[in-house]
There are 2 protein chains.
Amino acid sequence: MKKTLKEKLEVLKQKGHFLTSSRLMVLDYLLESKSHPTADEIYSALKKKLPSLSKATVYNTLKLFTELGVAREIKVEREKSRFEARTDPHVHFTCVKCKAVFDIEKQIVKFPKSVENHKVMFGDVFLYGICESCQRKGNS
Amino acid sequence: MKKTLKEKLEVLKQKGHFLTSSRLMVLDYLLESKSHPTADEIYSALKKKLPSLSKATVYNTLKLFTELGVAREIKVEREKSRFEARTDPHVHFTCVKCKAVFDIEKQIVKFPKSVENHKVMFGDVFLYGICESCQRKGNS
DNA sequence: ATTAGTGCAAACTATTTGCAATAAG
DNA sequence: CTTATTGCAAATAGTTTGCACTAAT
């Protein structure tokens, strides 16, 4: 279910949404980034290239992408959301020291279709600990 | 690792914290409740019994409990935290319709000690879907 | 030309903080 | 008595919203 830039743009078009430069830039930024950026990080990074960009537009864009399934919102910290362009199911590891979020390729769970009479549609697995880099720094 | 009220109060005492009526009430409320209440829900419920209670105290108390491992903060919605007195590992199921959060007793994952060179300390599994009650209501 | 999208500022929500008053030990 | 805890109000952080302006189609 990994989609390319072109495929994701196709989703926008087909649903009748305009291909604006903010949308292109946010989508491109998400696809390039592995760091699961926050709305504010995306805004700050893109503001340099597109000085007219406003934070509201970043939020609007991320909301649209999330609704269309073009991006995903990750709730590893309560205070702020992080976003990623990957929409295929995968585990996230968050470092409790440096707060970095990593994608884990190894599939460690297979979700059941139902549990205790509730119908399961999707699920998230969040692991927390000390990342490789912080372990090396003795930052534990 | 399921602890009783008395055991949890013991943790407070041993760390030199006062046993105030707000703390007793919040702890008692959490132990009685299966609904994973938000800070505001706890505040509203207890305000009736203890009219002098302030929201800041509820937040202070929940923060202290979380730090001491007496309660747990659950981040199923980004906007607000939910809390529970259970601190043993277990899966949470959230209904996307009614937003109710259920504890799942069945253990569906066993976390590895490390993944891709990161040291795993703990983890969360969140399942989302339609709960039994909403399915019956045809609320899907 | 239309109307969706943008930018700005103001509004909103959940949570935190500073400080004087209060109560647990 | 002493100092942790409380209650209040103000502050903060992230996100949303209303509205006039702009730009994609």
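Throughout, a chain's letter reflects where its sequence line sits, starting with A, and its residues are numbered from 1.
Proximity note for A/Ser22 (side chain, C-beta onward) versus C/dG7, C/dT6, D/dT6: the nearest is C/dT6. Side-chain atoms of A/Lys47 lie closest to C/dC8 of the nucleotides D/dG7, C/dC8, C/dG5. In this structure, of C/dT6, D/dT5, C/dG5, it is D/dT5 that holds the atom nearest to the side chain of B/Thr20.
Side-chain contact check for A/Glu73 and A/Thr66: no donor-acceptor pair (N or O, by modelled atom type) lies under 3.5 Å. One side chain, B/Asp103 or B/His92, offers a donor N or O that lies under 3.5 Å from an acceptor on the other.
A/Leu50 has its CG atom 13 Å from the C1' atom of D/dT22, to the nearest Å. A straight line from NZ of A/Lys15 to P of C/dA4 spans 17 Å, rounded to a whole angstrom. To the nearest angstrom, C1' of C/dT6 lies 15 Å from CE of A/Met25. When rounded to the nearest whole Å, the span between NZ of B/Lys13 and P of C/dA24 equals 14 Å. Rounded to whole Å, atom C1' of D/dA13 lies 13 Å from atom CD of A/Glu77. In this structure, A/Leu68 places its CG atom 14 Å from C1' of C/dA4, rounding to the nearest Å. Between the CD atom of A/Glu41 and the P atom of D/dG14 there is a distance of 10 Å, rounded to whole Å. B/Leu64 has its CG atom 13 Å from the P atom of D/dA4, to the nearest Å.
At the phosphate of C/dT6, neither OP1 nor OP2 sits under 4.0 Å from any side-chain N or O atom of A/Ser54. The phosphate of C/dA4 (OP1 or OP2) has no side-chain N or O of A/His17 nearer than 4.0 angstrom.
Using a 4.0 Å cut-off between a side-chain N of Lys or Arg and a carboxylate O of Asp or Glu, A/Glu77 and A/Arg82 qualify as a salt bridge. Salt bridge status for B/Arg136 with B/Glu132: present, with a side-chain N to carboxylate O gap under 4.0 Å.
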Under 4.0 Å protein heavy-atom contacts per nucleotide of nucleotides 10-23 of chain C, with B for base, S for backbone only and - for none: ----SBBB------

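Residue B/His36 forms a side-chain hydrogen bond (donor to acceptor under 3.5 Å, both in side chains) with just one option from B/Arg72, B/Glu84, B/Glu41, and that option is B/Glu84.
Around the NZ atom of B/Lys47, the shell of radius 6.0 Å holds more than 12 heavy atoms that belong to other residues, nucleotides or ligands. Other residues, nucleotides and ligands contribute at most 12 non-hydrogen atoms within 6.0 Å of the NZ atom of A/Lys34.
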